[in-house]
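For reference, the structure is listed below as structure tokens.
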Amino acid sequence: MSSKVGAIGDKDSVFGFKSIGLDVVFANTPEEIQKTIREMADDDYAVIFITEKAASLAESEIDKYRFKPSPAIIPIPGITGNTGEGMKNVSLSVEKAVGSDILKDK
């Protein structure tokens, strides 16, 4: 089992992950982001953190890995803040797993 962990996004948002030992790739265009996800997946990364902005530019690529055991692709807020995409994806996953969105505000 792989223990590689990486981060993808703009430099300002993901540069700090280098200090804790993650492999960091600065990617801003949809093509760069999608290519990086494929390369990390092919290189057996267990976890890929990706800024919400970058994730929004590579949704179709991320969907290819959504139901695979690895890599786990985790959207995180970028330097500009939280867009809500990360929580939306968690809610979708929970809904698929249990049959309803138990995280929805009532």
Side-chain angles (χ1 to χ4, degrees):
M1 174 175 243
S2 176
S3 61
K4 292 182 186 179
V5 179
I8 303 170
D10 62 277
K11 184 177 181 179
D12 291 335
S13 296
V14 297
F15 187 74
F17 286 101
K18 281 182 160 253
S19 67
I20 58 171
L22 274 66
D23 296 329
V24 174
V25 177
F26 309 127
N28 296 301
T29 68
E31 296 79 17
E32 292 172 332
I33 297 163
Q34 292 169 8
K35 180 181 178 219
T36 302
I37 292 169
R38 279 191 303 274
E39 288 173 351
M40 286 182 160
D42 290 345
D43 201 20
D44 293 325
Y45 276 72
V47 178
I48 301 170
F49 292 102
I50 184 169
T51 62
E52 291 174 336
K53 181 178 179 184
S56 72
L57 298 174
E59 289 178 5
S60 62
E61 190 66 33
I62 292 170
D63 283 344
K64 294 176 185 177
Y65 303 97
R66 192 166 310 278
F67 297 106
K68 294 185 179 182
S70 77
I73 301 176
I74 313 296
I76 58 171
I79 193 94
T80 57
N82 186 348
T83 66
E85 282 299 308
M87 191 61 195
K88 182 181 101 180
N89 289 330
V90 169
S91 292
L92 288 172
S93 295
V94 168
E95 186 172 356
K96 287 178 184 176
V98 299
S100 70
D101 185 358
I102 61 173
L103 301 175
K104 186 187 297 186
D105 291 333
K106 296 187 183 208

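The first residue in the sequence is number 1, and the count goes up from there.
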* Distance-minimising heavy-atom pair for P71 and Y45 ->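 Shortest heavy-atom separation between P71 and Y45 comes out as CB-O, 3.2 Å.
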
* How close do A41 and I48 get, heavy atom to heavy atom, and via which atoms? ->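 Heavy atoms of A41 and I48 come nearest at N-CD1, 4.5 Å.
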
Measuring from [X]:[atom1] to [Y]:[atom2], what's the distance to the nearest 0.5 Å?
X: N28; Y: K11; atom1: CG; atom2: NZ; value: 11.0 Å
X: R38; Y: Y65; atom1: CZ; atom2: OH; value: 7.0 Å
X: M40; Y: I73; atom1: CE; atom2: CD1; value: 10.0 Å
X: L22; Y: F15; atom1: CG; atom2: CZ; value: 13.0 Å
X: I33; Y: T51; atom1: CD1; atom2: OG1; value: 6.5 Å
X: I50; Y: I8; atom1: CD1; atom2: CD1; value: 4.5 Å

* To do: Flag the pair K4 and D23 as a salt bridge only when some basic side-chain nitrogen lies within less than 4.0 angstrom of an acidic carboxylate oxygen.
  =>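 Salt bridge flag = no for D23 with K4.
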
* Salt bridge present between K35 and E39 (N-O < 4.0 angstrom) ->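 Yes, charged N to carboxylate O under 4.0 Å.
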
* D10 versus S13, side-chain donor and acceptor atoms under 3.5 Å ->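 Short answer, yes.
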
Compare all side-chain heavy atoms of [X] with those of [Y] and state whether any distance is below 4.5 angstrom.
X: F26; Y: T36; result: no
X: I62; Y: E59; result: no
X: E52; Y: S56; result: no

* **Contacts of K64 that satisfy side-chain hydrogen bond (donor to acceptor under 3.5 Å, both in side chains) - sequence neighbours left out** =>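 Listed in chain order: E61.
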
* **Derivation and outcome, side-chain contact (heavy atoms from CB on, under 4.5 Å), residues F49 and V5** => CA-CA 8 Å; F49 292 102; V5 179; 3.7 Å; yes

* So D63 and R66, side-chain contact (heavy atoms from CB on, under 4.5 Å) or not? Walk me through it. -> CA-CA 5 Å; D63 283 344; R66 192 166 310 278; 2.5 Å; yes

